[in-house]
Every structure is written in C-alpha cells, then in structure tokens.
Amino acid sequence: MNKIFPQGDGNDSAAGAKALPGGEAGCGLLCCSRRCACLSAFLLLLLVTLAALIALVTILGLPPRTPGAQTCVTLTNRTGFLCHDRRSCIPASRVCDGVRTCAHGEDEDEAMCRDMPQSLPSFLVARCGDPSSWIYSDQKCDGANNCGDCSDELSPVTACPPCGPGWWRCPSTVFGYCGCIPRSLCRDLVQHCSDWSDEYSCPGP
C-alpha cells in the first residue's frame, strides 16, 4: 500500500526563506529598516552641507589671515611695522599716530594703541635715560634729540654709529641735536657747535 504524506501549503517553506526579526521576511541588508533609512538620509544631508561649504569657500575664498604685529626694515634702514599685506613696511613712528597708513588700518588698531607704550609691540619702543620716557625705535640714533636729554643719541644709554655723511660731529649747542649736527648748518655764520667747528672746520654740505 502506498503511504500518502499530507501536503501543506506550498508557501510555508518556499525556497527555505527565513523570517527576519520584525516580520520583514526576505529583506536585504541595505536600508531594510526604518532606522537604516533615517541614517542614510542624515548622511546624505551631511554630504550636501559639506559640498555647499566647499563651494562657498571656493567662490568667496578663505578669510584673510590676521597675523600678529611683525617688524621689518624700512628703505631708510630703520625699524618698521609690517602691514598685513606683508609688502608695506611703514616707519615705527607712523604707528598709532592717528593716521591709517596701512591699507587696512592695522597700524591704528584700537587694542595696540589703547595704552601706549605698554600696548605697543616691544620692537616699536625705545626707552630714554629717564625710564618713564620713551620714543619710537626708529627715532633712536637719528641725530635728533628726541628724548630731550640726548640719551637716544649718546652713550651710555645708546650706542649709535658715527655721524652719517650728511652730518658733522661736534658737541652741539642746539637743543634739537646731540653729538652731530646736519652739515647744512655749517658755514652759515651761526654757532651750532660749542667749539665753533661748524664754522671753521666743517666743509659744509
């Protein structure tokens, strides 16, 4: 006698499919759940935002870097202040003088000019014989009595090089000068040196 086995519904074990947790039978691994869909949407939004930022930076360019105050040497071989364009070198004494000399006005920066000389970079400041007095560093050894006591021109406070070609070395009788006077003052029939050498020895301009 042939034994007949009961046959169930053919959908019960078709292709050996397994039911996944949550009742989602036969779902693939990519975005088969609501959580995966949300994660994909978030990543897509993040990529779009990043692409927009890159495009914005490309169009507008990076914001200019604002370096700290930097020293430089002027065309007259004096201490200077380097503007943020890194090309313009202005004399130290043009910093915080009330006139915007640098293209972007950084030489008149409020924080730098608020409490001089303490707020100024040290390379812009030179001290006089009187510690409470100061001058700009490019005014030292320039032939003029900027400190009022010649300490910016004479030792022991300052060691300056010999008088330049446009100057005559002598003990000056003029308050505005110290150990040198401009040669333009020589041979003008007026005493500018205590030893009268400006009228008898100086060859003139």
Side-chain angles (χ1 to χ4, degrees), residues 56-57 59-186 188 190-194 198 202 204-205:
L56 188 62
V57 169
I59 295 173
L60 300 180
L62 292 172
R65 187 174 67 92
T66 304
Q70 297 186 45
T71 185
C72 58
V73 179
T74 65
L75 295 177
T76 56
N77 201 32
R78 314 292 293 178
T79 301
F81 175 86
L82 184 64
C83 297
H84 288 174
D85 61 9
R86 306 190 66 81
R87 293 189 303 271
S88 305
C89 182
I90 66 173
S93 52
R94 299 289 296 275
V95 175
C96 297
D97 63 349
V99 180
R100 291 164 58 103
T101 307
C102 292
H104 301 289
E106 53 269 26
D107 55 306
E108 299 299 319
D109 179 74
E110 181 181 356
M112 183 170 61
C113 303
R114 181 182 298 125
D115 185 25
M116 300 190 300
Q118 288 79 11
S119 57
L120 289 172
S122 59
F123 66 85
L124 294 177
V125 178
R127 293 289 179 177
C128 298
D130 178 0
S132 63
S133 300
W134 67 280
I135 59 174
Y136 285 100
S137 52
D138 66 331
Q139 296 174 325
K140 184 173 65 174
C141 297
D142 66 349
N145 183 15
N146 296 294
C147 282
D149 59 0
C150 284
S151 58
D152 56 310
E153 301 295 322
L154 302 176
S155 60
V157 177
T158 306
C160 295
C163 301
W167 297 77
W168 174 255
R169 189 170 194 81
C170 74
S172 175
T173 60
V174 182
F175 175 78
Y177 303 104
C178 298
C180 305
I181 64 169
R183 284 180 179 265
S184 59
L185 298 179
C186 293
D188 64 352
V190 177
Q191 182 186 14
H192 299 290
C193 297
S194 60
D198 57 310
C202 178

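- Atom SG in Cys147 sits 9.0 Å away from atom CG in Asp130 (nearest 0.5 Å).
- Taking Val73 as the reference, Asn77 meet the side-chain contact (heavy atoms from CB on, under 4.5 Å) condition, with sequence neighbours excluded.
- With rounding to the nearest 0.5 angstrom, the SG atom of Cys72 is 10.5 Å from the CZ atom of Arg86.
- Two residues are said to be in side-chain contact when any heavy atoms from C-beta on lie closer than 4.5 Å; Val174 and Ile181 fail this criterion.
- Under the salt bridge (charged side-chain N to carboxylate O under 4.0 Å, His left out) criterion, the residue pairs touching residues 88-112 are Arg94-Asp97, with sequence neighbours excluded.
- For the pair Ser151 (side chain) and Cys128 (backbone), a donor-acceptor distance under 3.5 Å is absent.
- Arg78 and Gln139 get closest at one heavy-atom pair: NH2-C, 4.1 Å.
- For Asp142, the side-chain hydrogen bond (donor to acceptor under 3.5 Å, both in side chains) partners at least two apart in sequence or on another chain are Asn146.
- With values rounded to the nearest 0.5 angstrom, Leu124 atom CG is found 8.5 Å from Asp138 atom CG.
- Considering only residues two or more places apart in sequence or on other chains, Ser184 meets the side-chain hydrogen bond (donor to acceptor under 3.5 Å, both in side chains) condition with none of them.
- Of all heavy-atom pairs spanning Ala126 and Lys140, the tightest one is CB-CD, 4.4 Å.
- Listed by chain and residue number, Pro171, Thr173 satisfy the side-chain contact (heavy atoms from CB on, under 4.5 Å) test with Ser194 (two or more places apart in sequence, or in another chain).
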Q: Go through the steps to decide whether Tyr136 and Met116 satisfy the test side chain to side chain contact (heavy atoms under 4.5 Å, CB included), and finish with yes or no.
A: CA-CA 11 Å; Tyr136 285 100; Met116 300 190 300; 3.9 Å; yes
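- For the pair Cys186 and Gly204, the tightest heavy-atom approach, listed with the atom from each and the gap, is CB-CA, 3.9 Å.
- Remark: SG of Cys202 is not found under 2.5 Å from SG of Cys193.
- Listed by chain and residue number, Thr74 satisfy the side-chain hydrogen bond (donor to acceptor under 3.5 Å, both in side chains) test with Thr76 (two or more places apart in sequence, or in another chain).
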Please table the atom pairs, donor to acceptor, closer than 3.5 Å between any side-chain atom in residues 161-170 and protein atoms at least two apart or in another chain.
{"unit_1": "Trp168", "atom_1": "NE1", "unit_2": "Ser197", "atom_2": "OG", "d": "3.0"}

Q: Walk me through it: do Cys102 and Cys83 pass the test disulfide (SG to SG under 2.5 Å)?
A: CA-CA 6 Å; Cys102 292; Cys83 297; 2.0 Å; yes
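- In this view, Ser172 satisfies the side-chain hydrogen bond (donor to acceptor under 3.5 Å, both in side chains) rule with no residue, not counting sequence neighbours.
- Residues meeting the side-chain contact (heavy atoms from CB on, under 4.5 Å) test with Asp115, sequence neighbours left out: Gln118, Ser119.
- For the residue pair Glu153 and Cys141, the shortest heavy atom distance occurs at OE2-N, 3.1 Å.
- For the pair Cys160 and Asp152, the tightest heavy-atom approach, listed with the atom from each and the gap, is SG-O, 3.7 Å.
- For Arg127, the side-chain contact (heavy atoms from CB on, under 4.5 Å) partners at least two apart in sequence or on another chain are Pro117, Val125, Trp134.
- If you take NE2 on His192 and CG on Leu185, they are separated by 4.5 Å, rounding to the nearest 0.5 Å.
- Side-chain atoms of Asn145 never come within 3.5 Å of backbone atoms of Cys178 as a donor-acceptor pair (strictly under, hydrogens ignored).
- Applying the ring pair (Phe, Tyr, Trp, His ring centres under 6.0 Å) rule to pairs touching residues 97-122 yields nothing, sequence neighbours excluded.
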